[in-house]
Amino acid sequence: MTQEQTAALVEENMKTIFAYALSRVSHKEDAEDLAGDIVLAILQSSHRLRDDHAFFGYIWSIAANTYKKFLRRKSRSRWETLDEELADADDFTRDILKSAEFNILRRELSLLSREYRECTVAYYFQGLSCGETASRLGLSLDMVKYYLFKTRKILKEGIQMEREFGTKSYHPAKFKFCTIFSQHYNKEYQNLFSRKLPGNILVSAYYTPMTIRELAIELGVAAVYLEDEIALLERYQLLTALPGGKYQTRLIIFTEDYRNEFYKTAENSVSADIAGLISRIKEDLPALRALDFPGSTLEDNRLVWAFLFELVREGFNRFISDLGDEGAAPRIYGSATGISYGLSYEPSVTDEYDVPAFAGYWGLASDDSNYAGSYADFGILPRENHPSFHAGELVQNLEAVLAGSAHATVPILDREQKKTMTAVFRRDITELSSLHKKLYRCALSIMKTHAPGNAAPILNRVLANSLLSYSAGLISACAVKSGALAIPKDGSPLGIFLYKTE
């Protein structure tokens, strides 16, 4: 590639390069310096790049190497000579220095990986011989001697460094783990990220592979406490072990930058399509009302809200079916299949495109257990309009409607009416399938500039299968912003209808 072509690609990806730099250093000024070094290194290497397809995998390798050089440059110790006449035999600074040196030694020991650390502790702290250490740890005598030799070198270099822990040591990234699965529920898997550490391991090792030692420095956590977490992430194939003792995240992370860019691009692209779609759904409502179900007399706006998620879900299912193998969900644990992905976000960001909870089958804890709900808590709606906010009320109203003592506040369909409903909205579902294809292509083109090269093998399936989780929110938000749908001010449940399952 020419330097001009490389410069154009760098300019397109400056936000991502700066975000990478900002995640690695403590101060904005350092991040600007690091980002500048990375850009310079990329431009100087432009003659080695074959084409733009190689660019995105290559820049993260350059970024990682530049970051290491940046750290080495920052870590050069600066010493000032003290006037020896100031000291005397009782100088208390000698004890302070001795204590400080021992603390630095402890710091460096905490960063050692398991084999080096265990050999060092056994030999130096527990007083075992090399042979006894080998016997206790199940290692050969030569390996023990090798680990001890390497440890001395590592500790000597580390003690001379002005160590700077990463920003995540005091300001952990906000990470949310999302999984869409079928088959049995795995409590351990679902609760992996109830702690901050696993998510921050994945965020840290997302763009560049990192050793346990590098992760320990980035996160400010002793290596001994990282090892079990890393083993657990490896077991569930969320982290991949690479040559050289490095690890890299095997999960697509929807960063704040990606989501903002996707929503902005997608909204500009599909808003007119969505406004037209809502108009056509309203045109089909007379045929739906003819089914004469409880709630069929609700005004048009409420009926569209009630069935919107079900139609989006049906359109998504058709889109996935048309994708074939590319849309097939892989096995994630045991016999369960599905898709997992991460969200990296700032807590101050309120997401009107989000859907905090949704389900095509939402079992109701009612006297008549043969009813379920299809619902979504659309982010564009106030919380008091979310179906989950009205769970108990919906059950009570269902029971009252079935008993003939109340009017329906949401549509209630029997099995045949639900089947007919799908037929009534057939053209709308087909349109929504096409809309999902358009959103999928948009997501792929943007994610390819945000995800690291090693994510390529799982990129298509993750983006395809996770699309429903954010397309539903995007479609509802665009419908409101375009004026095609209104939000009632009475705090009633929207985004749900109930149906008989048997």
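Atoms considered below: every heavy atom in the structure, side chains included; atoms not considered: hydrogens, waters and symmetry mates.
Here the side chain of Trp362 pairs no donor or acceptor atom with the backbone of Leu498 at under 3.5 angstrom.
The side-chain heavy atoms of Leu485 and Asn301, taken from C-beta on, include a pair separated by under 4.5 Å. Put simply, the side chain of Leu439 does not reach to within 4.5 Å of the side chain of Tyr470, judged on heavy atoms. Side-chain atoms of Arg289 and Leu303, non-hydrogen and from C-beta on, do get closer than 4.5 Å to each other. Side-chain contact between Phe316 and Tyr440 is absent, with no heavy-atom pair separated by less than 4.5 Å.
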Quiz item: Could you go step by step and tell me if Lys500 and Gln417 meet the side-chain contact (heavy atoms from CB on, under 4.5 Å) rule?
Solution: CA-CA 9 Å; Lys500 194 172 179 63; Gln417 288 168 334; over 6 Å; no
Quiz prompt | Test log, rule side chain to side chain donor-acceptor pair (under 3.5 Å), inputs Tyr189 and Ser340 | solution = CA-CA 10 Å; Tyr189 187 83; Ser340 297; 2.6 Å; yes
Practice problem: Apply side chain to side chain donor-acceptor pair (under 3.5 Å) to the pair Thr337 and Ser182, showing each step before the final yes or no. | Solution: CA-CA 6 Å; Thr337 59; Ser182 60; 3.0 Å; yes
Practice problem: Using the side chain to side chain donor-acceptor pair (under 3.5 Å) rule, take Glu267 and Tyr353 through it: C-alpha gap first, then chi angles, then the decisive distance, then the call. | Solution: CA-CA 10 Å; Glu267 186 175 336; Tyr353 303 100; 2.3 Å; yes
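Ion pairing between Arg280 and Glu283 fails under the 4.0 Å rule for side-chain N and carboxylate O.
For the pair Val312 and Ser471, the tightest heavy-atom approach, listed with the atom from each and the gap, is CG1-OG, 4.2 Å. Closest approach of Ala287 and Val424 over heavy atoms only: CB-CG1, 4.1 Å. In terms of heavy-atom proximity, Glu229 sits nearest to Ile201 at CB-CD1, 3.8 Å.
Between Tyr258 and Phe262, the angle of the ring planes stays under 30°, which puts this pair in the parallel group of the 30/60° scheme.
No hydrogens or angles considered: a donor-acceptor pair under 3.5 Å links the side chains of Tyr341 and Ser469.
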